[in-house]
Each structure stands twice: as C-alpha cells, then as structure tokens.
Amino acid sequence: MTDGKSRPRTADHATGVIVLGAGPAGLVLGNILLDHGIDCVVLERAERAHVETRARAGFLAANTVQILDEHGLAEGLHRRGRMHGTCEFRTGDGRFRLDYSGLGRKELHTVYPQQDLVCDLLTRFLARGGQLRFATEALAVRDADSERPAVAVREADGRPAVWRARYVAGCDGRHGAARRSLPAGTVRHHRDHGVTWLGLLAQAPPSMDAVGYAVHERGFAGHMARTSEVTRYYLQCERGTTADAWAEERIWDELERRMRAREYGPLRRGPILQRSVVDLESDVLEPLRHGALFLAGDAAGLISPSAAKGANLAVLEAALLARALIDALTSRDSAGLDAYSARCLTHIWRAQEFSHWMIGLLHGPSGRDGESLFHNSLRRSRLASLRTSRSQQDWFAEHYVGV
Ligand code: APR
C-alpha cells in the first residue's frame, strides 16, 4: 500500500491492550486478558522458533505455580515439571543440605525449563485465537499520557505501522521499546554486583538431587537441574571473559574442583550445548506506570540470577497487571491500575534484597588484605548460621521459595 507519494503507507491497527514482548510476562498477561474477553495483541520482535527455543530460567516458585494454576496455564508444568525441595552448599567447612521441604514448608520449587513454559503459553494463546505478531518490532511508545497511546512498529515485511490501544503493557525486557519510551523523570535504581558468571547448559543428567552452590576460594560454581538429561551450571569468572574462552575440559575440571568432586563424587559430564556470560547486575525502575503504559518483567526491573527470581517476578507482575486492566476495561474501576506500581515494587524489592543477600553469601573477594579476609569470614559465619540455626533456615526457605 502506498499513500500516493510512493512511500509505504503506515498501516493503522487498533485494539484494547497492546502487549510488547512474548516472554513469560507478555504471554501470561496475554493469556489472562484473552480469557477475560479483552481485545489485545502481542507484538514480538523475534521469530516464533527463537522464542520457543530460547533457554532461560527454569525454577518456578510455589506461588508462581499457583498463579499459573489459577489461570489454567500450568498443565504442562504439572505433567513434565519436577518438584525440588533441597539445596546443597559445599564450602571449605564441609557440605550441608538444606531440605526446605523438611522444614515443614509445603511450598517447593518446580523445575521446568522456561522455554517449555513459554511454548505452553504461546500454544495456548494462539489456540484460543490470541493475536500475536512475530518478527514485529516495537520502535517507540507514544502518547502514553493520552487515552489512545500509540506504538510505532516495524512489521515483519519491514513496513512501518502504528498500533493504537487504550493501554500498553511493556513486557519487552530490559532493552525493549517500553523502556526507551519512558519519560525523563523515571527513576532507575541500579547495582552492578561486580560478579560475572559463565552460564552453561550441558547435555548431561544432574550430578546431584539438589540445587548445588559451591562456595570456593577460586570462585562460585552452581548446579541446577533442568531436565533428567540437561543440567545448568554456572562458573564465576573474571569480568570480560568471553563465552568461548574456556575449553570444555577446563570447564568440567574447574567445576569439579569448586564442587569438591574428590570428596563428594564426580560430576556427570556431557557436551556443552549453550554458553553465555552474564555480568550480575540489578535494576529497578520507578514508577512502573506512565499514564497508559505499564511495565512488567525485565522491562520493570532486572534481577540477578543468584536466586532464580526473574521469571517468577515476571509472572507475578503480569498477573497483577492483568487483573488491574480487566477491572479498568470491564468495570471502569482503575484502582488496580493506580496501585499497580506500588504493589509490584513491594514484591520486587523483597526479591532484590534476597538475591543481593545470596550474592554476598556465594561470592567474596579473593584478596588477602584485611578487608577481604573480614568479608570472607562474615560469609563463613553466615553459612554456619544457615547450617545450624533453624530460624535462619526458616527465613532462607521463606525467601528462597517465595516471591
Ligand atoms: N519489540 C517487540 N518485542 C521485543 C522488543 C521490541 N522492541 N524488544 C524485546 N522484545 C521481546 C523479546 O524478543 C522477548 O521475547 O520481548 C520479550 C521479553 O521477554 P523476556 O526477556 O523473557 O522478559 P520477561 O517476559 O520480562 O521475563 C523475564 O524471564 O527470561 C527469564 O529470568 C529471566 O528475568 C527474566 C524473566
């Protein structure tokens, strides 16, 4: 189509809610809106195949499962997910297991690869007639302070288009268009934790029946099962390390060294399928609402993977936003929308605080100066409390499993 001046005419679309991004936040939100008859569209920059195969997190907290259950979105995770109730710390002072299911807590984690959850959400949304445009990149959100905000997009065929709606949900992550379109006054809390992890996905069965945290003078190492054949490992490395810097042999040897394989048994090795380097950082935007534009998931705030809270916060925020949008659009009750930002920030900061505590527990300076020695002695004391104090274990379990 052209507008007579041989420029492609901008296609115009309209709907009730535009959801930017088909990750956990966007797809949970889209499914709940669709189930309540709200006219919405999900605009996703990537192709479907990329969205469905992107390996990310895989640790669902009990109340995340409850939210998914409430909205009929948990069928896949109940069928293929596996319950987890134990984490194992390996330190210079020995090994101890924290069986939080044994602490009288009925809530456990469900281990379920995020790409499987995203596939479930995507399939269900489309099967129920949901509107989802792949390879459609949001470029900017405009007129957010009006009642007809607009999203400028580049469509799959490269043509420009504009989508208009009553509300826009920015679920397009930390680099998405929603964040780029925020007004100057938005506050961004930010912390670079100064730690870098080499993230590995190995074609190998889990090496233990727990989430493993190795606290070692050479650096942190982590072990998280994903399925019975695939295991996620993390190796703390120098800032600036590239994903392919370490040969596989060296990776496994270093993992075994830090996991103290000599005392506790070898790791089950296999080909490394995926590698990524992540600098642990966190940020939180405030407020999470700007007129008709709302942020959820990583677009609202980034949390380090140290306590596996990211996807769980994304699902919680999506459910809170869905409820508020439905009330506003079906009964003209905007109380939920007015309270959205404050409600989410309470949960976000609690999750940030625990993730920050975990980073301090698992990582420390390698120097022999007084400051480093003091810091590392504090960590040893915290670990000893976690091993011996029931009240410390209860506090840990409440924050570790909850969001
Ligand atoms: N236009 C459209 N889509 C976009 C754009 C854009 N400009 N930019 C990003 N996207 C898409 C990405 O391709 C991705 O599919 O937005 C989606 C964002 O998904 P996630 O990054 O998974 O973010 P979110 O849904 O907030 O989930 C966050 O899940 O991945 C885990 O633990 C991780 O904390 C993270 C959590």
Side-chain angles (χ1 to χ4, degrees), residues 18-31 41-61 64 68 73 109 112-119 121-122 125 132-142 151-156 160-163 168-182 197 199 201 224 226 232 234 274 276 278 280-285 288 293-322 344 347-348 351-352 355 403:
I18 298 168
V19 179
L20 302 183
L27 289 171
V28 166
L29 176 59
N31 270 288
V41 66
V42 177
L43 304 179
E44 165 56 51
R45 174 180 62 183
E47 296 287 352
R48 176 168 186 171
H50 178 74
V51 172
E52 291 184 325
T53 53
R54 187 175 43 196
R56 304 286 292 269
F59 227 51
L60 298 177
T64 300
L68 295 171
L73 302 173
H109 275 113
Y112 189 55
Q114 180 166 311
Q115 64 268 34
D116 292 0
L117 175 64
V118 165
C119 285
L121 296 170
L122 200 53
F125 184 71
L132 201 164
R133 302 286 183 95
F134 290 106
T136 300
E137 180 172 12
L139 303 174
V141 179
R142 298 199 188 99
V151 178
V153 307
R154 181 181 18 258
E155 298 199 315
V162 174
W163 280 84
V168 178
C171 303
D172 50 347
R174 62 180 298 197
H175 300 302
R179 276 206 179 200
R180 290 199 302 269
S181 308
L182 296 176
W197 282 1
L201 209 58
M224 286 109 194
R226 279 290 178 269
R232 163 76 71 192
Y234 289 111
Q274 283 185 20
S276 60
V278 57
L280 270 58
E281 60 174 320
S282 300
D283 75 0
V284 179
L285 297 188
L288 301 182
L293 170 62
F294 294 82
L295 304 177
D298 274 8
L302 196 63
I303 192 163
S304 82
S306 60
K309 296 289 182 192
N312 293 296
L313 276 176
V315 170
L316 174 65
E317 291 154 14
L320 290 174
L321 182 53
C344 285
H347 295 290
I348 288 171
Q352 288 285 358
S355 294
V403 170

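Counting starts at 1 for both ligands and their atoms, following the listed order.
- Panel note: side chain Arg154, backbone Glu137; no donor-acceptor pair is recorded below 3.5 Å.
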message = For a side chain to side chain contact (heavy atoms under 4.5 Å, CB included) check, start with the C-alpha distance between Leu302 and Val284, then their side-chain angles and the critical distance, and finish with the verdict.
response = CA-CA 6 Å; Leu302 196 63; Val284 179; over 6 Å; no

message = Assess the residue pair Asp172 and Arg180 against the criterion (salt bridge (charged side-chain N to carboxylate O under 4.0 Å, His left out)); give the C-alpha distance rounded to whole Å, side-chain angles, the decisive distance to 0.1 Å, and a yes or no.
response = CA-CA 11 Å; Asp172 50 347; Arg180 290 199 302 269; over 6 Å; no

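- Ligand 1 is surrounded by Gly21, Ala22, Gly23, Pro24, Ala25, Leu43, Glu44, Arg45, Arg54, Arg56, Ala57, Gln114, Thr136, Glu137, Ala138, Cys171, Asp172, Gly173, Gly176, Ala177, Gly297, Asp298, Gly310, Ala311, Ala314, each with at least one heavy atom closer than 4.0 Å.
- The shortest distance between side-chain heavy atoms of Asp298 and Ile303 does not fall below 4.5 Å.
- Thr136 and Glu155 share no side-chain donor-acceptor pair at under 3.5 Å.
- For the pair Val153/Val162, no side-chain contact is recorded, criterion being any heavy-atom separation below 4.5 Å from C-beta on.
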